Peer 1: 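Next up is a structure, given as structure tokens.
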Amino acid sequence: MRLGAHLSIAKGLPSALDLALKHQCQCLQVFVGNPRSWKTAPLPDEAVEAFRRRRAQLALKTSTRIEPVVAHMPYLPNLASCRRDVYRLSRQALADQLDRCARLGLEYLVVHMGKHEGRSIPQALERMARAIGKVLRAYSGGTMLLLENTAGQGTETGRTMEEIGQLLRRLDDPRVGVCLDTCHLFAAGYDLTEATGLKQLVDEIETSFGCTRVHVLHVNDSKKPCGSRVDRHAHIGEGCIGEAGFRRVLVHPVFRRLPAILETPQDDPGDVDRNLARLRACLRRPRQRAIEPAGRAE
Ligand SMILES: [Zn+2]
Ligand SMILES: [Zn+2]
């Protein structure tokens, strides 16, 4: 499993690669513009070239290769919005982000499933399908679009695998895949700490769109309990999913093959390294069963 984190582009896109290297990341997620604004400064060709050059340099050695590099859409766009101006701006933002990603040679752009704003979920899925379909018809770049599941907070769609599957079926486009977030899954009601919860999730993935359409895993612990529908990321092992939960998820054959990207809080300088070390430990450590005291009642 390739491990990485969402890292800052405050010092420019190429330096995010060096930051990834510093943290011994094998994959990376970034914003490719201002995440909290509709207005984004143009991305100059020189910046694109510098990023591509640095990435190619690092790829010469297996130990420093950063792959995949994933972009995350800004927070304001809502591709399901029923407000006409927001809907139009969201569509434009998606087209602009895809264009940036393609120029930079990124593998994936992650977009959250939209908010229905009080309308019905089927209407929201229909609006999303129209917006994404329109953007993709005019798009010929190599970056894939990944739909990210949500906690189902407020009017968010995409809480269940079934809803994501419905949108994928309407789009019917191999350039669209799925990104799953462990915190969102757990808050949405999939109990990753139990074998039955994980099995239910995998069964739902299989019947809704199939495991091969999942390309990226966001690894975040959850401050809020299972089914709370509240999206609050916690450090690995310090939330309600806990180390035992991550050990279960990360070694599962469906998730093992995916790049795993941290979106945990970054308050202290050591936070990224600590969370990466915990993920590595979860991948390494044998199941708890092996060290249970002997002689327990059969
Ligand atoms: Zn996420
Ligand atoms: Zn989240």
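All ligand and atom numbering here is 1-based and tracks the order in the structure. Fair warning: this is a prediction, and the values are worked out from it, not measured in the lab. Along the sequence shown, the residues carry numbers beginning at 1.
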Peer 1: Mind jotting down which residue pairs meet the side chain to side chain donor-acceptor pair (under 3.5 Å) criterion with at least one end in residues 36-49? Sequence neighbours excluded, please.
Peer 2: Asp45-Arg103
Peer 1: Identify whether the distance between the nearest side-chain nitrogen and carboxylate oxygen of Glu67 and Arg65 falls below 4.0 Å.
Peer 2: yes
Peer 1: Enumerate the protein N/O/S atoms at a distance below 2.8 Å from the Zn ion (ligand 1), ignoring waters.
Peer 2: Glu148 OE2, Asp181 OD2, His218 ND1, Glu263 OE1
Peer 1: Crowded around Gln200 CD? As in, over 12 foreign heavy atoms under 6.0 Å?
Peer 2: yes
Peer 1: Among His72, His184, His233, which residue meets the side chain to side chain contact (heavy atoms under 4.5 Å, CB included) test with His218?
Peer 2: His72
Peer 1: Tell me which pairs pass salt bridge (Lys or Arg N to Asp or Glu O under 4.0 Å) where either residue lies in residues 4-29, with sequence neighbours left out.
Peer 2: Asp18-Arg54
Peer 1: According to side chain to side chain donor-acceptor pair (under 3.5 Å), does anything in residues 125-141 pair up with another residue at least two apart or in another chain? List the pairs.
Peer 2: Glu126-Arg170
